[in-house]
Amino acid sequence: MEPKFVSLDAMYLTGIATRTTNAEEMSEAGKIAGLWEQFFATGVTGRIGDIKQPHYTYTLYAQYENGAQGEYTVLIGHEAHAADGAEEGLEAIAVPAAKYAVFTTERGPVGEVVTEAWQKIWA
């Protein structure tokens with residue numbers, strides 16, 4: 001899985017989010033799998049107003065406190081036209097214009113393909 005490097009304009013990602021750590025995610029207290037379950041079970045896509053491309057679902061890892069060792073935010077959602085207008089219970093994060101490495105997983109169970117992708121990225 002080689003990354004594709006792309007230059008992206010600034011965007012707003014809106015969805016549901018949680019704070020976690022890598023250590024927490026490697027234990028039974030991990031939150032990301034539950035965040036995916038919540039994303040699908042609560043119809044997050046239908047709660048985000050004015051989605052630019054509804055067929056793209058983003059998982060954003062942001063707001064790192066201490067690199068791979070500290071807390072960070074994980075947001076699962078979609079690109080919206082603006083940060084305002086997010087329904088209560090949703091969060092919006094501004095993503096600056098920059099060159100990004102984009103990793104695309106295989107299709108399959110989220111828990112498996114995301115774990116496999118991170119293992120390849122860290123290797």
Side-chain angles (χ1 to χ4, degrees):
M1 176 182 70
E2 292 298 317
K4 176 181 175 185
F5 292 93
V6 297
S7 293
L8 297 175
D9 293 332
M11 69 175 113
Y12 294 102
L13 296 182
T14 301
I16 56 173
T18 192
R19 295 283 292 168
T20 190
T21 65
N22 285 341
E24 192 170 17
E25 291 307 312
M26 290 188 272
S27 74
E28 291 183 17
K31 299 176 183 175
I32 297 174
L35 193 65
W36 276 104
E37 290 174 15
Q38 180 185 352
F39 178 82
F40 291 114
T42 62
V44 171
T45 299
R47 296 171 42 211
I48 300 171
D50 208 11
I51 296 174
K52 281 192 173 183
Q53 299 178 26
H55 55 284
Y56 286 136
T57 301
Y58 291 86
T59 305
L60 175 68
Y61 291 74
Q63 302 168 340
Y64 281 81
E65 284 186 0
N66 186 23
Q69 303 304 313
E71 282 193 337
Y72 54 89
T73 298
V74 177
L75 179 142
I76 302 171
H78 299 279
E79 182 181 2
H81 285 279
D84 58 351
E87 183 178 300
E88 187 174 332
L90 299 179
E91 292 188 36
I93 297 178
V95 179
K99 186 174 185 179
Y100 290 94
V102 177
F103 297 89
T104 302
T105 65
E106 298 294 326
R107 292 187 179 265
V110 172
E112 291 176 25
V113 298
V114 171
T115 300
E116 180 180 298
W118 273 112
Q119 289 170 345
K120 290 178 181 178
I121 291 167
W122 289 111

(message) Around atom CD of Glu71, are there more than 12 heavy atoms from other residues, nucleotides or ligands closer than 6.0 Å?
(response) yes

(message) Is there a continuous path of hydrophobic side-chain contacts, each under 4.5 Å between heavy atoms, that joins Tyr64 to Met26?
(response) no

(message) With a 4.5 Å cut-off on side-chain heavy-atom distances among I, L, V, M, F, W and Y, is there a chain of contacts connecting Phe5 to Ile121?
(response) no

(request) Calculate, to the nearest 0.5 Å, the distance between atoms OG1 and NZ belonging to Thr20 and Lys31 respectively. (result) 5.5 Å

(request) State, to 0.1 Å, how close Thr57 and Ile76 come at their nearest heavy-atom pair, and which atoms those are. (result) CG2-CG2, 4.1 Å

(request) Might you point out which heavy atoms bring Gly15 and Ile48 nearest each other, and give the distance in Å? (result) CA-CD1, 4.2 Å

(request) Hey, could you give me the OG1/CZ distance between Thr59 and Phe39, rounded to the nearest 0.5 Å? (result) 8.0 Å

(request) Can you spot which of Leu60, Asn22, Asn66 makes a side chain to side chain contact (heavy atoms under 4.5 Å, CB included) with Tyr72? (result) Asn22

(request) Go through the side-chain N and O atoms of His78 and Thr45 and say whether any donor and acceptor fall under 3.5 Å apart. (result) yes

(request) Answer yes or no: is there a side-chain heavy-atom contact under 4.5 Å between His81 and Ile51? (result) no

Just distance, no hydrogens or angles: give the donor-acceptor pairs under 3.5 Å from side chains in residues 101-116, sequence neighbours left out.
from   : atom 1 : to     : atom 2 : distance (Å)
Thr115 : OG1    : Gly111 : O      : 2.7
Glu116 : OE2    : Lys120 : NZ     : 3.3

(request) Give a yes or no on whether the backbone of Met11 and the side-chain of Glu79 come within a donor-acceptor separation of less than 3.5 Å. (result) no

(request) With side chain to side chain contact (heavy atoms under 4.5 Å, CB included) as the test, would you mind laying out the steps for Tyr100 and Val95 before giving the verdict? (result) CA-CA 11 Å; Tyr100 290 94; Val95 179; 3.2 Å; yes

(message) Nearest 0.5 angstrom please: Thr18 OG1 to Gln38 CD, how far?
(response) 8.5 Å

(message) Side chains of Leu13 and Glu91, heavy atoms from C-beta outward: is any pair under 4.5 Å?
(response) no

(request) Compare all side-chain heavy atoms of Val44 with those of Leu90 and state whether any distance is below 4.5 angstrom. (result) yes

(message) Taking Ile32's backbone N and O only, do any of them form a donor-acceptor pair with Glu25's side chain (distance below 3.5 Å, no angle check)?
(response) yes

(request) Take Thr21 and Gln69 through the test side chain to side chain contact (heavy atoms under 4.5 Å, CB included) and record every step on the way to the result. (result) CA-CA 7 Å; Thr21 65; Gln69 303 304 313; over 6 Å; no

(request) Look at Arg19 together with Glu65 and state whether they make a salt bridge at an N to O cut-off of under 4.0 Å. (result) yes

